[in-house]
Amino acid sequence: MVARDLLGRVLVAHTPDGDVGVRLTEVEAYAGRDDPASHAFRGPTARNAVMFGPAGHLYTYFVYGMHWCANIVTGQEGDASAVLLRAGEVVLGQDIAHARRPAVARAPLLARGPAGLATVLGLARDASGEDLCTGFRRWEVLEGQPVPADRIAAGPRVGVAAAAERPLRFRDTASPSVSAYRAGGRVRRRVPGG
DNA sequence: CCGCCGATCCTCT
DNA sequence: GAGGATCGGCGGG
């Protein structure tokens, strides 16, 4: 399983509100313990324990005090590799998606950005560790239409300072749902007294 | 369209 | 105690 193979696949969440499906258009690979940008780089912790488990499980994490982001674990046990789901197009349950993101008016942008994608699918803390392969009552992964190779662009990961030279972000260049690139390592300092 | 900036709290040091 | 795999509102061009 490689990150780019996830492009074009449809992740469907069965929730109490109804079904929401997202066609993945942008993903990022995190290469386990060898990757300084990975949550697993410094070894297992309570938060990242799921990453060290078998492939096919969701790993969600909380960032910036308000957002959840979702990964799919891709490596063998102990490998701790995962793919961050960065953007997609809502292809099922668009009304529900809109209700979950009232601030977003345009449908193509409903699942733009990892936190927005997780919100639309209802993925938060309780989703972490769930097995996509056996949890078919809650989730399905559909094959979808493969994205042609010449439409897939690779580049540096968004907001990541470490290992910035690694082209581990993959996106469908034909999709308007792909999030904007932003370099990592941004230093935002408050100037004392000014 | 683009850039700046605050919000907000969990996690690891 | 610091900082983060982010988002949306606001202001300017």
Side-chain angles (χ1 to χ4, degrees), chain A residues 2-4 6-7 11 22 24-52 57-75 79-90 97-129 153-171 173 175-194:
Chain A
V2 203
R4 63 202 312 149
L6 283 170
L7 293 178
L11 178 54
V22 167
L24 299 175
T25 58
E26 181 191 3
V27 296
E28 275 175 5
Y30 286 85
R33 309 170 112 142
D34 300 328
D35 184 352
S38 170
H39 286 177
F41 183 58
R42 297 181 195 283
T45 65
R47 177 177 67 159
N48 67 19
V50 176
M51 296 181 78
F52 288 82
H57 290 243
L58 287 169
Y59 162 57
T60 63
Y61 68 94
F62 188 61
V63 274
Y64 296 108
M66 63 197 87
H67 301 299
W68 287 91
C69 299
N71 295 253
I72 297 177
V73 176
T74 55
D79 187 63
S81 290
V83 172
L84 172 68
L85 310 180
R86 280 204 59 90
E89 297 166 357
V90 176
H98 267 118
R100 289 175 177 172
R101 295 195 76 194
V104 178
R106 299 176 55 204
L109 305 184
L110 280 170
R112 183 201 203 210
L117 187 152
T119 297
V120 152
L121 289 175
L123 301 176
R125 177 186 292 280
D126 61 334
S128 205
R157 295 170 290 189
V158 175
V160 169
E165 74 285 356
R166 295 197 191 181
L168 293 179
R169 173 189 183 224
F170 304 96
R171 59 196 189 277
T173 56
S175 175
S177 67
V178 171
S179 58
Y181 177 70
R182 170 177 53 78
R186 175 176 54 162
V187 182
R188 254 193 303 183
R189 286 197 182 123
R190 295 174 86 171
V191 181

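For clarity, every value in this text was computed on a predicted model and none was experimentally measured. All chains are named by letter (A, B, ...) in the order of the sequence lines, taking the proteins before the strands, and each is independently numbered beginning at 1.
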request  = Enter the distance from A:I72:CD1 to A:M51:CE here, rounded to the nearest 0.5 Å.
outcome  = 12.5 Å

ask   = Do any of residues 29-37 of chain A sit with a heavy atom less than 4.0 Å from DNA chain C, and if so which?
value = A:Y30, A:A37

request  = Considering just the side-chain nitrogens and oxygens of A:R86, establish if one lies under 4.0 Å of OP1 or OP2 belonging to C:dT6.
outcome  = yes

A:H39: which of A:Y61, A:F52, A:Y30 passes ring pair (Phe, Tyr, Trp, His ring centres under 6.0 Å) = A:Y61

key: Minimum-distance nucleotide to A:M66 side chain [options: C:dT6, B:dA7, C:dA5]   = B:dA7

message = Please give me every residue in residues 43-51 of chain A whose heavy atoms get under 4.0 Å of an atom in DNA chain B, ordered by residue number.
response = A:T45, A:R47

task = Measure the spacing between CG of A:N71 and CG of A:L58 and express it to the nearest 0.5 Å.
result = 9.0 Å

task = Using atom types as modelled and distance alone, determine if a side-chain donor or acceptor of A:R100 lies under 3.5 Å from a backbone N or O of A:V120.
result = yes

ask   = For DNA chain B, which residues in residues 115-128 of chain A have a heavy atom at a distance below 4.0 Å?
value = A:R125

message = Can you see if the side chain of A:R182 gets near the phosphate of C:dT6 - specifically, an N or O under 4.0 Å from OP1 or OP2?
response = yes

inquiry  = In whole Å, I'd like the distance from the CH2 atom of A:W68 to the C1' atom of B:dT8.
reply    = 14 Å

task = Any chance you could measure A:L84, atom CG, to A:L6, atom CG, to the nearest 0.5 Å?
result = 11.0 Å

ask   = What salt bridge (Lys or Arg N to Asp or Glu O under 4.0 Å) pairs are there with at least one residue in residues 31-42 of chain A, not counting sequence neighbours?
value = A:D35-A:R157

key: Atom pair CG/CZ of A:L117 and A:R86 - distance to nearest 0.5 Å   = 10.0 Å

ask   = Expressed in angstrom and rounded to an integer, what is the separation of A:H39 atom NE2 from B:dC10 atom P?
value = 16 Å

query = Distance-only, no hydrogens or angles: does the A:E28 side chain make a donor-acceptor pair with backbone N or O of A:V158 under 3.5 Å?
reply = yes

note = Rounded to whole Å, the NE2-C1' distance (A:H67 to C:dA5) equals 12 Å

message = Applying a 3.5 angstrom cut-off to the pairing atoms, does DNA chain C sit in any stems of at least three consecutive Watson-Crick or G-U pairs? List them by first number.
response = B:1-7 with C:6-12, B:9-12 with C:1-4

ask   = A:F62 has a side chain; which of B:dT13, C:dA5, B:dC9 sits nearest to it?
value = B:dC9

query = For A:S179 and A:E26, does a side-chain donor sit closer than 3.5 Å to a side-chain acceptor?
reply = yes

Contact letters for nucleotides 8-13 of chain C, in which S counts primed atoms plus P, OP1 and OP2 and B counts the base, heavy atoms under 4.0 Å = S-----

query = To the nearest 0.5 Å, how far apart are CG in A:L109 and CD in A:E89?
reply = 10.5 Å

ask   = Just by distance, do the side chain of A:T60 and the backbone of A:A124 share a donor-acceptor pair under 3.5 Å?
value = yes

Any N/O donor-acceptor pair, A:Y61 side-chain to C:dA5 base, under 3.5 Å = yes

Interatomic spacing from OH in A:Y64 to SG in A:C69 - rounded to 0.5 Å = 9.0 Å

